[in-house]
Amino acid sequence: MMVLRRLLRKRWVLGVVFGLSLIYFLTSTLKQEERTIRDRTLLEVRDPDHRIPWKVRFNLGNSSRQITQCRNSIQGKALLTDELGYVCERIDLLVNGCCNVNAPSSRQYICKSCLANGCCSVYEYCVSCCLQPDKQPLLERFLNRAAEGFQNLFTGVEDHFELCLAKCRTSSQSVQHENTYRNPQAKYCYGESPPELLPV
């Protein structure tokens, strides 16, 4: 123990420890810089017409496939949208997660509160409207055009329902100056264009 203490007091030992630490730091920094340069080069070399192979599977509308379990939009206090495009009141949700299609509140592909540009004032109606089979070309165009900017957000999306859930959530398109809604009445959008900017 005494020998170790005496050794650590010598300047040359401290110099060696410092030198090794400096070499480790510089090596790590250079490797990180190489990775950054390589990633940047890959982005610059990428063909601008390159299409990201999106995984999104679009539903077939009123298909005959039987669904025993449904995913739904979960968070709504009063309304929910299931993956078949039905909107219903929370009390009309079945134990399998699907809306009870026989309930008076259940409506499929409802665009109530949605404007022509695809922006809606109610999240659940936005998701339901987005799930309409005729919205597929619009969503595919969005995915191909917005691939670069929204790649991280949408690469985890697996199908039409997940895409509509993600697209209708309030996004940077819905806000101006990062803290004000462009249109506070229609802030949930599945369309290609941001909401119309309302005068303050």
Solution key, residues 93-104 side-chain donor-acceptor pairs under 3.5 Å, sequence neighbours excluded:
residue	atom	partner	partner atom	Å
N96	OD1	C98	N	3.0
N96	ND2	T68	O	3.1
N100	OD1	N102	N	3.0

Practice item. Please confirm whether the backbone N or O of I110 pairs with a side-chain atom of Y86, one donor and one acceptor, at under 3.5 Å? Key: no
Check your understanding: Taking only residues two or more places apart in sequence, or in another chain, which ones meet S113 in a side chain to side chain donor-acceptor pair (under 3.5 Å)?
Key -> S121
Revision key, fill the gap. To the nearest 0.5 Å, atom CG of D82 lies from atom SG of C88 at 6.5 Å
Review point. What residues form a side chain to side chain donor-acceptor pair (under 3.5 Å) with R90, not counting sequence neighbours?
Key: none
Check your understanding: Should side-chain heavy atoms under 4.5 Å link Ile, Leu, Val, Met, Phe, Trp and Tyr, which residues sit in the same cluster as I74?
Key -> none
Review point. Is the side chain of H160 donor-acceptor paired with the backbone N or O of C130 at a distance under 3.5 Å, no angle test?
Key: yes
Point to revise | Co-members of Y24 in a cluster of I, L, V, M, F, W and Y side chains, linked at under 4.5 Å | key: none
Study note, to complete from the structure: Across all chains, not counting sequence neighbours, the side chain to side chain contact (heavy atoms under 4.5 Å, CB included) partners of E89 are L79, I91, D92, S105
Check your understanding: Quick one: side chain to side chain contact (heavy atoms under 4.5 Å, CB included) partners of T81, sequence neighbours excluded?
Key -> S73, V87, E124, V127, S128, L131
Practice item. Any salt bridge (Lys or Arg N to Asp or Glu O under 4.0 Å) involving residues 68-77? Give me the pairs, sequence neighbours left out, ordered by first then second residue. Key: R71-E83, R71-D159, R71-E162
**Study point:** K135 NZ to L163 CG distance, which is reported to the nearest 0.5 Å
**Key:** 13.5 Å
Revision key, fill the gap. Rounding to 0.5 Å, atoms NZ (K167) and OH (Y190) come to a distance of 10.5 Å
Check your understanding: Would you say the SG of C120 sits less than 2.5 Å from the SG of C114?
Key -> yes
Review point. Is C126 close enough to C119 that their SG atoms are under 2.5 Å apart?
Key: no
Exercise for review: State the OH-CZ distance between Y123 and R169, to the nearest 0.5 angstrom.
Suggested key: 4.0 Å
